[in-house]
Amino acid sequence: MDRIRRQRLKRRLWIYAALFAAALTAVALAFLGLTPACVFYARFGVLCPSCGATRALLELLRLNPAAAIARNPVFALAIYPIAFLFAAEDLIVTAVNYRRGYGRLSLLQFICGWKES
């Protein structure tokens, strides 16, 4: 594997590490009750389609799926699980490509139309 491709893979792994750290920080702040108010609701007075999504995620992290579905069923049953599967598969493929030197595309890269990993 050439040096440039390996640097790109390493950069993607660092991006995943930074996103993971940011997610842990956001979850920790949410557990402390420091979540921001919904800007859409504050501005227009109407619930947006993602209202309850943060609370649904917190309930999923607390392993309480019934409460998560009550908060926002679309995010709890579809969007969060699908996003997690795409990100996990892409992370695994990126780590394997970096470690073994493969050039295999992940499912996320394929859907986005990327040509190389």
Side-chain angles (χ1 to χ4, degrees):
M1 180 185 306
D2 62 346
R3 192 173 61 89
I4 295 173
R5 180 177 285 170
R6 193 161 174 83
Q7 287 176 347
R8 287 181 188 161
L9 291 172
K10 191 175 188 179
R11 188 178 321 129
R12 280 184 49 212
L13 289 173
W14 277 108
I15 289 170
Y16 271 113
L19 288 174
F20 183 72
L24 282 179
T25 303
V27 168
L29 289 175
F31 274 115
L32 294 173
L34 301 173
T35 56
C38 179
V39 177
F40 191 85
Y41 182 73
R43 176 88 174 158
F44 300 109
V46 179
L47 295 176
C48 69
S50 68
C51 275
T54 303
R55 292 185 299 272
L57 177 63
L58 290 174
E59 294 297 342
L60 285 174
L61 292 173
R62 292 180 184 136
L63 301 176
N64 191 354
I69 292 169
R71 301 283 188 195
N72 192 323
V74 173
F75 275 79
L77 294 174
I79 294 176
Y80 287 139
I82 291 170
F84 174 76
L85 290 175
F86 277 137
E89 192 264 346
D90 186 56
L91 176 61
I92 290 168
V93 168
T94 302
V96 168
N97 285 344
Y98 181 75
R99 178 82 172 134
R100 296 187 180 165
Y102 296 161
R104 183 174 160 255
L105 289 176
S106 69
L107 185 59
L108 184 64
Q109 290 173 317
F110 178 75
I111 289 172
C112 292
W114 294 358
K115 301 292 183 204
E116 61 180 41
S117 61

Colleague: With Q7, which residues qualify under side-chain contact (heavy atoms from CB on, under 4.5 Å), at least two apart?
Modeller: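 Partners of Q7 under the side-chain contact (heavy atoms from CB on, under 4.5 Å) test: R3.
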Colleague: Nearest heavy-atom pair of L108 and E89: which atoms, and what distance?
Modeller: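 Shortest heavy-atom contact: N-OE1, 4.1 Å.
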Colleague: With sequence neighbours excluded, tell me which residues meet side-chain contact (heavy atoms from CB on, under 4.5 Å) with I111.
Modeller: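 side-chain contact (heavy atoms from CB on, under 4.5 Å) check on I111 returns F86, L107.
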Colleague: Apply side-chain contact (heavy atoms from CB on, under 4.5 Å) to I4 and list each qualifying residue two or more places apart in sequence or on a separate chain.
Modeller: D2, R8
Colleague: When you group the ILVMFWY residues by side-chain heavy-atom contacts below 4.5 Å and let the links chain together, are L58 and L60 in the same group?
Modeller: yes
Colleague: Given 3.5 Å as the limit, does a donor-acceptor pair link the side chain of R6 with the main chain of Y98, or not?
Modeller: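 It does hold such a pair.
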Colleague: With sequence neighbours excluded, tell me which residues meet side-chain contact (heavy atoms from CB on, under 4.5 Å) with A67.
Modeller: E59, N64
Colleague: Identify all side-chain donor-acceptor contacts of residues 73-81 below 3.5 Å with residues at least two apart in sequence or on another chain.
Modeller:
residue, atom, partner, partner atom, Å
Y80, OH, A53, O, 2.8

Colleague: Does the side chain of N72 come within less than 4.5 Å of R55's, by heavy atoms?
Modeller: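 Side-chain contact under 4.5 Å: no.
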Colleague: Report, one line per pair, each donor and acceptor closer than 3.5 Å where one atom sits in a side chain of residues 14-31; sequence neighbours left out.
Modeller:
residue, atom, partner, partner atom, Å
Y16, OH, D90, OD2, 2.4
T25, OG1, A21, O, 2.9

Colleague: Identify which one of R12, R99, Q109 satisfies the side chain to side chain donor-acceptor pair (under 3.5 Å) criterion when paired with T94.
Modeller: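 Result for side chain to side chain donor-acceptor pair (under 3.5 Å) with T94: R12.
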